[in-house]
Structures are given as C-alpha cells and as structure tokens.
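Encoded as structure tokens, the structure appears first; notes follow it.
Order of listing sets the numbers, starting from 1, for every ligand and every atom in it. What you are looking at is a predicted structure, and each value in this text was computed from that prediction instead of being measured.
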Amino acid sequence: MDSLSKLQAVVFGASGYSGSELLALLHNHAYIQVTHAFASERSSAMPWARIAPQLAGTSDLVIEPFTGDTDVLANVDLAFLALPHEASAELAPKLLAQGIAVFDLSGAYRFADADLFAQTYGFVHPFPGLLAQATYCLAEHLNANSFQDIALYSIPGCYPTAATLALAPVCESAFLDPATVPVVTAISGVSGAGRAANLRTSFCEVSVQAYGVFNHRHRPEIARNLATDVVFTPILGPYPRGIVATCVAQLRGGVSAEMVLDAFQKAYADQPFVRLVHAPPAVQHVAYTPFCDLYVAVEGQQLIVIAALDNLLKGAASQAVQVANIVYGLPATTGFERFLGGVSARAAAVVDSGAAQHD
Ligand SMILES: NC(=O)C1=CN([C@@H]2O[C@H](COP(=O)(O)OP(=O)(O)OC[C@H]3O[C@@H](n4cnc5c(N)ncnc54)[C@H](OP(=O)(O)O)[C@@H]3O)[C@@H](O)[C@H]2O)C=CC1
Ligand SMILES: CC(=O)N[C@@H](CCC(=O)OP(=O)(O)O)C(=O)O
C-alpha cells in the first residue's frame, strides 16, 4: 500500500478520552486517514482542537454528532469504536454489514460466551451470535492464525493488557505453582473512567481507594487470558492517566530466576512496545507513550512483576492502532515513529533475583 491510497477510517467516540487519542495517533499515520469523527448525537459539531487544544492549528477535522445514519460511511474501510459497551455492541454489526472492519475499544466483544458476557457486563448482549466470531486482540499475542473470518477486532481492557503482559510469559511456561493464585493489584489514573462528569471522579472526591473488590469486570478477562483464576483489585488514584499493576505469584519448585528471565526475553524480544526495565516503572515513565514497561523480580519461589502503561494509549488507543497495523500488514511501528526514534526492538531484560531493588 502506498500513502497516496490511504485506508479511510472513522472514529466513533472521538470527543472522549480514548477517541481523541486515536485521532492524534492516526493524524501521524502514513497509511490510515480519518475521514469522519463522531461524538454522540447529544453533542454539537466541534473542531477536534477543542478536545485536543495542544493540536490546534494542525488539523481542521470536525467532530460531528452521530445520528445513527451509516450511509455517510460509503467509502470507509475501517472504524474505531471508542464508545460505551452498549453502543459498540449495537453499532458493530451495522458497520460489518457495510464491509467496514471494526476495531472495538469497548468491552462489547471481549468474551466469546454470551452468559459470561452478561454476568460480567450486566446486560444481555444484543448480538450474542457475533461474540464467538470476534478476534480478541492483545497485540503482542496476535499471529497469522489468530484471526477469525469476520473483521471484528476486540481490543483488550486496560488493566487486562497490563496484567496479561506481566504474567503471560510465566503462565504460558507453566512456571506458576498450580496450588496458588496470582494476585494483581493495580492503580489507575482518573481518565480510566472516561471524560463525562461523574461524582466518583470529581476533583474533591478522588483519593486513593480500591473499588470493584472481587467483582471488577476485568477479573474474568485477565483470568481467561492467563488460563488461571486471579485475585484482582483495582485502585483509583489521584492523577490523570497511567496504570501501575503489581502482580505477585508463586513459582513452582525448580523454576529459577534465570528460567523466568529467559521466558520474558523470549516473549518480548521482538516487541517494540514492551520494555523490560531495570527498576520498578513509574506512571511518568509511560504516560503519553504506547509502551508497557515490565519489571521482573524473583526471590526464591516468589515472583513480582510490575507493569506500567498509559490506560488511554497501550491500554486503549495505541493498542488499537498496533492491531490495525497487524491486520493490514503494515510495519508494526507505523504511526509511532515519534516515540521510537529509530529503535525497533527494546528488550533489554533484567530480572532482579532477591537483591535490593531501590535505585
Ligand atoms: N478510558 C480508558 O482508560 C479506557 C477506555 N476503554 C473503553 O473505551 C470506550 C471509550 O472510553 P473513554 O474514551 O474513556 O470514554 P469517554 O467517556 O471519554 O468518551 C465516550 C465517547 O463516546 C461517545 N458516546 C457516548 N454514548 C454514545 C452513543 N450512544 N452513541 C455514540 N457515541 C456515544 C461520547 O460522545 P459525547 O461526548 O457526545 O458524550 C464520547 O465521544 C469505553 O468502552 C471504555 O470502556 C478501554 C480502555 C481504556
Ligand atoms: C479508573 C476506572 O474507572 N477505570 C475503568 C477501567 C477502564 C476502562 O475503560 O475499561 P475497559 O478497559 O474495560 O474498557 C473501570 O474500572 O471501570
């Protein structure tokens, strides 16, 4: 594909946090061009720069209210849905029927099983038959055999992206003690809850507080991805964006720090957006970037992996663009050049094995 014949894209939910990040990433994409950007029908048309003032003057894109009329999308190749789960669930089949590939950032198509979906998301899926046909797209786990027949690509949740990248190398290697359950405790910035005004996320209410104890909708998604039950506790933190997930697990007897290091190096050696780092990562290390940083420490049979990522980017928009690049056979780093500076793979793995870990 040459950049003269760019794929034509539409972004739904463009006035929201992850939708606006998608517009920013696609603004710099050599092969994908946004031709339409929509907010809900409640909104009035607005210049994108009103949502992203830092980009004022670089784009004349206007975000339009979406009336439900998909006829205006005649020449569109692909759609990104940064919508509430219910709205994505309803819209996806209409777009697919028009031959538009769908990249859904919501949770609407993350489970194949309709009962598990209803239990987890609290509503009956309007198109249960479509669930098993969607492809769940953790970018680092996709390969040529991953894809189903229809072009419905479900982007993982933000916490599940962090927890799965952190624990998949040891789960897939069967390194964990099967009599124990990994424990994931993750703090998220407030943008994780979306842009709409809400008492829970208002300035005077936000503190540092756990929520969704034992019943957050991401727990079954993490458990499914890792093929093990998990204990998952999310925490809302008083900052705008970024997740730090601390994942604690017990290794089987006979599994050494070297074996763990080797598993992480092999898993991420060719992955430009996963960085194995020498010290526990901070939110500031990954905020506004498409990276997931992983810090691995082993002491005896105890394992701690700390993952950090930007919930709006690696946890949502940049992962969606990564997936689109894979689906269309584009170079993995397309659209991310400004973050990578010519470096294509960054896996410089370090496992701390029991030594003091303060820098
Ligand atoms: N925030 C995050 O960290 C992450 C979010 N996600 C998922 O991505 C999706 C979007 O999240 P986020 O960006 O936070 O959401 P926001 O609340 O910030 O934005 C929601 C967007 O959807 C639009 N919208 C709402 N209802 C409808 C509707 N019925 N029809 C059409 N458009 C509608 C809103 O338009 P308007 O401005 O007009 O209301 C707005 O553009 C959600 O499913 C969320 O779970 C996934 C990973 C991380
Ligand atoms: C801080 C906060 O409220 N975070 C959200 C999760 C982020 C999100 O939007 O969830 P998905 O990844 O499933 O789409 C929550 O806990 O519901």
**Prompt:** Can you check whether Arg217's main-chain N or O pairs, donor with acceptor, with Glu221's side chain at less than 3.5 Å?
**Reply:** no

**Asked** Would one find more than 12 heavy atoms of other residues, nucleotides or ligands at under 6.0 Å from atom CG of Asp69?
**Response** yes

**Request:** Determine yes or no for a side-chain-to-main-chain donor-acceptor pair under 3.5 angstrom, with Asn325 supplying the side chain and Leu330 the backbone.
**Result:** no

**Request:** Give yes if a backbone or side-chain nitrogen or oxygen of His85 is under 3.5 Å from a nitrogen or oxygen of ligand 2, and no if not.
**Result:** no

**Prompt:** Is there a heavy atom in Gly157 that sits closer than 4.0 Å to ligand 1?
**Reply:** no

**Message:** Which residue and atom name correspond to the protein heavy atom nearest atom 2 (C) of ligand 1, and how close is it?
**Reply:** Leu312 CD2, 3.6 Å

**Item:** N or O pair under 3.5 Å between Gly13 and ligand 1
**Value:** yes

**Item:** atom 41 (O) of ligand 1 [closest protein heavy-atom partner, distance rounded to 0.1 Å]
**Value:** Ser15 OG, 2.6 Å

**Message:** Does any N or O of ligand 2 fall below 3.5 Å from an N or O anywhere on His216, backbone included?
**Reply:** yes

**Asked** With side chains defined as the heavy atoms from C-beta onward, is the minimum distance between Pro47 and Ile63 less than 4.5 Å?
**Response** no

**Asked** Within the side chain of Glu337, is there an N or O that forms a donor-acceptor pair under 3.5 Å with the backbone of Gly335?
**Response** yes

**Asked** Does an N or O anywhere in Arg217 fall below 3.5 Å from an N or O of ligand 2?
**Response** yes

**Message:** Please classify the Leu236 to ligand 2 contact at 4.0 Å (heavy-atom distances, strictly less than): side chain, backbone, both or neither.
**Reply:** side chain

**Item:** Which segment of Arg200 sits under 4.0 Å of ligand 2 when only heavy atoms are counted
**Value:** side chain

**Asked** Does any N or O in the side chain of Arg241 come within less than 3.5 Å of the main-chain N or O of Val190, such that one atom is a donor and the other an acceptor?
**Response** no

**Message:** Just to confirm my output: which protein heavy-atom neighbour is closest to atom 13 (O) of ligand 2, and how far is it?
**Reply:** His218 NE2, 2.4 Å

**Prompt:** Counting only N and O atoms by type, is there a donor-acceptor contact under 3.5 Å from the side chain of Tyr239 to the main-chain atoms of Gly242?
**Reply:** yes

**Fill in**
Honestly, for Ala14 the part within reach of ligand 1 (heavy atoms, under 4.0 Å) is backbone

**Request:** Quick one: pull up CD1 in Ile32 and CG in Leu7 and give me the separation to the nearest 0.5 Å.
**Result:** 5.5 Å

**Prompt:** Between Asp229 and Arg219, is there a side-chain N and carboxylate O pair less than 4.0 Å apart?
**Reply:** yes

**Asked** Are any side-chain N or O atoms of Thr233 and backbone N or O atoms of Thr185, one a donor and one an acceptor, separated by less than 3.5 Å?
**Response** no

**Message:** For atom 26 (N) of ligand 1, tell me which residue out of Ala87, Ser43, Pro84 has the closest non-hydrogen atom.
**Reply:** Pro84

**Request:** Starting from atom 47 (C) of ligand 1, find the nearest protein heavy-atom neighbour and note its residue, name and distance.
**Result:** Gly315 O, 3.1 Å

**Asked** Hey, is Pro234 one of the residues with a heavy atom under 4.0 angstrom from ligand 2?
**Response** no

**Request:** Compute the minimum heavy-atom distance from Glu221 to ligand 2 and say whether it is under 4.0 Å.
**Result:** no

**Request:** Just need the protein heavy atom nearest to atom 3 (O) of ligand 1, so name the residue and atom and give the distance.
**Result:** Asn311 ND2, 2.8 Å

**Fill in**
Among non-hydrogen protein atoms, atom 4 (N) of ligand 2 lies closest to Gly192 O, 3.3 Å

**Message:** For Ser191, which part has a heavy atom under 4.0 Å from ligand 1: side chain, backbone, both, or neither?
**Reply:** backbone

**Request:** Please report the C-alpha distance between His285 and Phe291 in whole Å, then the side-chain angles of each, then the deciding distance to 0.1 Å, and finally whether the ring-ring contact (aromatic ring centres under 6.0 Å, His included) criterion is met.
**Result:** CA-CA 9 Å; His285 302 168; Phe291 299 112; over 10 Å; no

**Fill in**
Leu294 and Ala166 have their tightest heavy-atom pair at CD2-CA, 3.9 Å

**Prompt:** Going through the checks in order, is the ring-ring contact (aromatic ring centres under 6.0 Å, His included) test met by Phe273 and Phe336?
**Reply:** CA-CA 10 Å; Phe273 301 107; Phe336 300 109; 4.8 Å; yes

**Request:** Going by the ring-ring contact (aromatic ring centres under 6.0 Å, His included) test, name the single residue among Phe80, Phe147, Tyr109, Tyr136 that passes it with Tyr153.
**Result:** Phe147

**Prompt:** How far is atom 14 (O) of ligand 1 from its nearest protein heavy atom, and which residue and atom name does that atom have?
**Reply:** Gly194 CA, 3.2 Å

**Item:** atom 27 (C) of ligand 1 - nearest protein heavy atom and its distance
**Value:** Ser40 CB, 3.8 Å

**Asked** Got a donor-acceptor contact below 3.5 angstrom from the Thr164 side chain to the Asn225 backbone?
**Response** no

**Prompt:** Tell me, which protein residue and heavy-atom name are nearest atom 39 (O) of ligand 1, and how many Å apart are they?
**Reply:** Arg42 NH2, 3.1 Å

**N or O pair under 3.5 Å between Phe38 and ligand 1** = no

**Prompt:** Atoms of ligand 2 less than 4.0 Å from Gly189 heavy atoms?
**Reply:** 1 (C)

**Asked** Which atoms of ligand 2 have any heavy atom of Gly157 under 4.0 Å away?
**Response** 12 (O)

**Prompt:** Got a donor-acceptor contact below 3.5 angstrom from the Ser20 side chain to the Gly16 backbone?
**Reply:** no

**Asked** Just how far is it from atom OG1 of Thr58 to atom CH2 of Trp48, taken to the nearest 0.5 Å?
**Response** 5.5 Å

**Prompt:** Quick one: does Leu83 get an N or O within less than 3.5 Å of an N or O on ligand 1?
**Reply:** yes

**Asked** Got the closest protein heavy atom to atom 13 (O) of ligand 1, with its distance?
**Response** Ser18 OG, 2.6 Å

**Prompt:** Going by the order shown, which atoms of ligand 1 are within less than 4.0 Å of some heavy atom of Ala316?
**Reply:** 47 (C), 48 (C)

**Complete:** With heavy atoms and a 4.0 Å threshold, my read on which part of Arg195 contacts ligand 1 is both

**Prompt:** Any chance CG of Asp149 has more than 12 other-residue heavy atoms, nucleotides or ligands included, within less than 6.0 Å?
**Reply:** no

**Prompt:** Using a heavy-atom cut-off of under 4.0 Å, does the side chain or the backbone of Cys158 touch ligand 2, or both, or neither?
**Reply:** both

**Prompt:** Hey, are Tyr268 and Arg275 close enough side-chain-wise for a donor-acceptor pair under 3.5 Å?
**Reply:** no

**ligand 1 atoms in contact with Ser106 (distance to a heavy atom under 4.0 Å)** = 43 (O)

**Asked** Do ligand 2 and Val190 have nitrogen or oxygen atoms that lie under 3.5 Å from each other?
**Response** no

**Residue Tyr211 vicinity, atoms of ligand 2 by number, heavy atom under 4.0 Å** = 1 (C), 2 (C), 3 (O), 4 (N), 15 (C), 16 (O)

**Message:** If we set the cut-off at 4.0 Å for heavy atoms, which region of Arg110 has an atom near ligand 2: side chain, backbone, both, or neither?
**Reply:** side chain

